[in-house]
Number of protein chains: 2
Amino acid sequence: MIFKIKRKKTRQVEFNKLKIGNNNPIAIESMTNTPTKDSRKTLNQIKRLARAGCDLVRVAVPDSESAKELSRIIEKSPIPVVADIHFDYRLALLSIDAGVNGLRINPGNIGTRKEVEKILLKAEPLRLPVRIGVNLGSLQKDFSHLDDKAIAMLESAKQHIKILEDFKYKHILVSMKSSDVATTIRANRLFSREYNYPLHIGVTEAGPLLEGTVSSSLGIGILLSEGIGDTIRVSLTDDPVREIEVGYEILGNLGLREKRIKIISCPTCGRTQVPVIRIASFLRKSLNKLEKKPEISVAVMGCAVNGPGEARHADLGIAGSSKGWVFFKKGKVMKHLSRDIKDSELIEFILNEIREFKC
Amino acid sequence: MIFKIKRKKTRQVEFNKLKIGNNNPIAIESMTNTPTKDSRKTLNQIKRLARAGCDLVRVAVPDSESAKELSRIIEKSPIPVVADIHFDYRLALLSIDAGVNGLRINPGNIGTRKEVEKILLKAEPLRLPVRIGVNLGSLQKDFSHLDDKAIAMLESAKQHIKILEDFKYKHILVSMKSSDVATTIRANRLFSREYNYPLHIGVTEAGPLLEGTVSSSLGIGILLSEGIGDTIRVSLTDDPVREIEVGYEILGNLGLREKRIKIISCPTCGRTQVPVIRIASFLRKSLNKLEKKPEISVAVMGCAVNGPGEARHADLGIAGSSKGWVFFKKGKVMKHLSRDIKDSELIEFILNEIREFKC
């Protein structure tokens with residue numbers, strides 16, 4: 001056991017058949033960015049997300065038109081659907097009628113206590129999980145005067161939890177997100193000491209692909225390494241499918257979810273004699289050609305120093321030098337390939353070798 | 001103090017004027033991937049790295065031709081240069097003669113004890129830092145039988161430290177890198193309990209851009225969050241300049257180095273009425289037009305829920321809705337812009353506003 005994360009035990013909630021909390025596998029979520037009232041487009045995106053491995057999808061329900069299309073979406077969605085609702089409690093009621101598998105309500109703007117009660121009365125018989133989603137960007141005025149923004153988010157979450165607890169509602173998840181990694185980490189650490197409701201973690205408005213990947217990896221990764229977090233969302237200003245890919249990378253690297261095909265490739269240096277960057281990124285793109293993806297590692301290396309070693313440790317590996325490519329399988333040299341081999345031939349060769357592994 | 005990392009105190013080493021360890025700012029390193037014997041190309045890449053904010057650059061010295069070109073590179077390099085040497089101790093001697101600012105030696109393959117001594121006798125009067133660089137991919141045979149790969153790397157590092165300590169050499173840094181995040185984290189945690197030599201941290205052979213960014217952010221980020229690490233290298237199979245960018249993102253997000261311009265942008269959802277993805281990535285690319293980059297945050301938001309809040313918290317922000325763009329500066333609404341504004345005009349407007357901030 002090289003590195004074992006001891007997860008904090010939390011209560012379990014259920015989004016249809018998906019169990020979250022209480023040591024269930026950490027779920028990976030995303031949110032559609034198509035207009036929800038366009039159920040065809042939204043459903044297509046949900047299917048793409050599901051194929052990428054998304055466990056739970058959230059859709060915005062900003063108006064009654066969207067709420068009306070929800071049942072069509074839910075009926076055909078391969079994964080549970082959560083309705084994201086702001087400002088208008090009636091949209092929550094319509095969403096429950098449409099058969100939604102969970103609600104995300106922002107405590108800062110959903111309405112009066114009476115209106116919250118109406119939602120809960122409808123949700124309770126279905127044991128629908130309700131996620132209290134506190135975002136620093138839309139914090140209630142009551143807390144925005146607090147200088148410590150982590151405390152401000154925590155206090156806001158507490159206030160809403162209190163309302164749900166007053167109504168004896170127990171199917172609760174909580175999230176506290178800021179665009180600042182440190183604030184996000186601190187709010188979740190503080191919450192985790194006081195409560196055992198499952199936590200949905202993520203850094204919000206994380207930015208474009210590269211920035212968002214760094215801040216999500218840091219915020220989510222550091223919390224997970226401390227055992228905090230039951231479901232995650234990587235937030236990227238990009239195709240939501242990328243969020244799922246990054247999510248799997250995070251969990252896979254921390255040993256919290258199965259890994260997918262992992263490409264190990266060297267950063268290249270003055271010793272490199274073969275086009276490692278080109279081959280590695282060509283391989284990454286070509287993996288989509290595979291119908292099934294075994295959980296293996298493939299090394300693409302370009303020098304005589306670390307190349308053979310890494311290529312040997314990986315399930316499959318190629319190490320290139322001035323003399324050509326050496327192909328390794330489970331640590332053994334299997335074949336020598338010419339340095340002049342076409343990129344496409346080299347990639348096809350590797351793909352065929354991957355296909356021989358069982359999934 | 002929202003989130004303060006308490007750094008473990010380590011000894012100080014000096015690469016020319018760059019101080020590492022002992023609470024000095026965490027350095028950001030990279031390695032050139034041009035042939036070192038082509039000093040013109042290598043120097044050009046070093047200058048690009050330095051402009052991106054690289055503190056320390058490593059060049060491979062695989063042969064005497066490369067060693068001969070070193071003095072030309074070092075003379076004109078705006079940042080300290082480290083020679084990366086394997087297999088042949090004589091290359092280390094040539095590199096010291098060429099004026100190198102530090103050495104990276106792999107304990108698995110540099111040579112006999114006598115040969116190491118020759119290097120140290122030359123390095124000692126110059127107080128040249130020597131980094132012991134243990135990579136799982138090139139581990140000495142003596143340790144490769146150990147099942148626990150973190151322990152294997154630690155034991156290998158210890159053996160080499162012992163040699164340097166026998167010669168009373170003190171200008172030591174250590175790195176232990178694996179392509180596995182968990183193994184990397186564990187080896188460094190164990191080392192940090194036993195030694196106070198400064199640690200260079202990174203995940204090796206991290207893979208293509210996205211995979212490498214995730215695993216580097218996790219490995220480096222989790223260690224830094226525990227106070228471990230004095231200098232970092234993000235390892236990407238891509239342009240080394242990207243390594244520096246990701247390095248700054250990691251340190252900036254953890255409050256360990258100044259931030260650069262931070263773009264906060266929402267992931268878009270079914271509420272989005274403006275082209276947030278397009279504008280955010282256009283803005284990211286356009287930042288290169290700025291001669292000076294103030295340390296500010298710029299929010300690009302696309303909805304009425306979190307948009308105005310985030311746009312207000314940022315130094316500058318635009319929040320778009322069906323009615324057009326609202327421009328915020330330090331939390332105040334400054335201007336309304338038409339929804340039909342051209343992308344290029346909107347970006348120019350933002351760039352001009354950024355230019356008004358002091359660096």
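Lettering follows sequence order; numbering is per chain, from 1.
Proximity to chain A is absent for every atom of B/I220, based on heavy atoms less than 4.5 angstrom apart. With a 4.5 Å cut-off on non-hydrogen atoms, A/V59 does not touch chain B at all. Residue contact with chain B, scored on non-hydrogen atoms closer than 4.5 Å, involves the backbone and the side chain of A/S215 alike. Heavy-atom distances place the backbone of B/L236, and not its side chain, under 4.5 Å from chain A. For A/T42, no part sits under 4.5 Å from any heavy atom of chain B, backbone or side chain. Proximity to chain A (any heavy atom under 4.5 Å) is restricted, for B/R233, to the side chain, taken from C-beta onward. Heavy atoms closer than 4.5 Å to chain B are found in both the backbone and the side chain of A/D84. B/E243 touches chain A through its side chain: at least one heavy atom from C-beta onward sits under 4.5 Å away, while N, CA, C and O do not. Of the atoms belonging to B/T204, it is side-chain heavy atoms, and not backbone ones, that fall under 4.5 Å from chain A. Interface remark: A/I151 contributes no atoms to any contact with chain B (heavy atom separation under 4.5 Å). When heavy atoms are compared at a cutoff of 4.5 Å, A/T272 does not approach chain B at all.
Chain B forms more heavy-atom pairs under 4.5 Å with one residue of A/D63, A/D38, A/T34 than with any other, namely A/T34. Highest contact tally toward chain B, considering only A/D238, A/L218, A/T36, is held by A/L218 [criterion: heavy-atom pairs under 4.5 Å]. Put simply, of B/P35, B/S179, B/P62, the one with the most heavy-atom pairs under 4.5 Å next to chain A is B/S179. Your options are B/S30, B/C269, B/G221, and the one with the most heavy-atom pairs under 4.5 Å with chain A is B/C269. For the set B/L283, B/D239, B/I250, B/V276, the count of heavy-atom pairs under 4.5 angstrom toward chain A peaks at B/I250. Of the residues considered (B/M301, B/H86, B/E211), B/E211 shows the highest number of contacts with chain A, using heavy-atom pairs under 4.5 Å.
B/T213 pairs with exactly one of A/T213, A/L209, A/V246 by the side-chain contact (heavy atoms from CB on, under 4.5 Å) rule, that one being A/T213.
Under 3.5 Å, the side chains of B/T237 and A/S265 contain a donor-acceptor pair of N or O atoms.
For the pair A/R242/B/L210, a side-chain contact is recorded, criterion being any heavy-atom separation below 4.5 Å from C-beta on.
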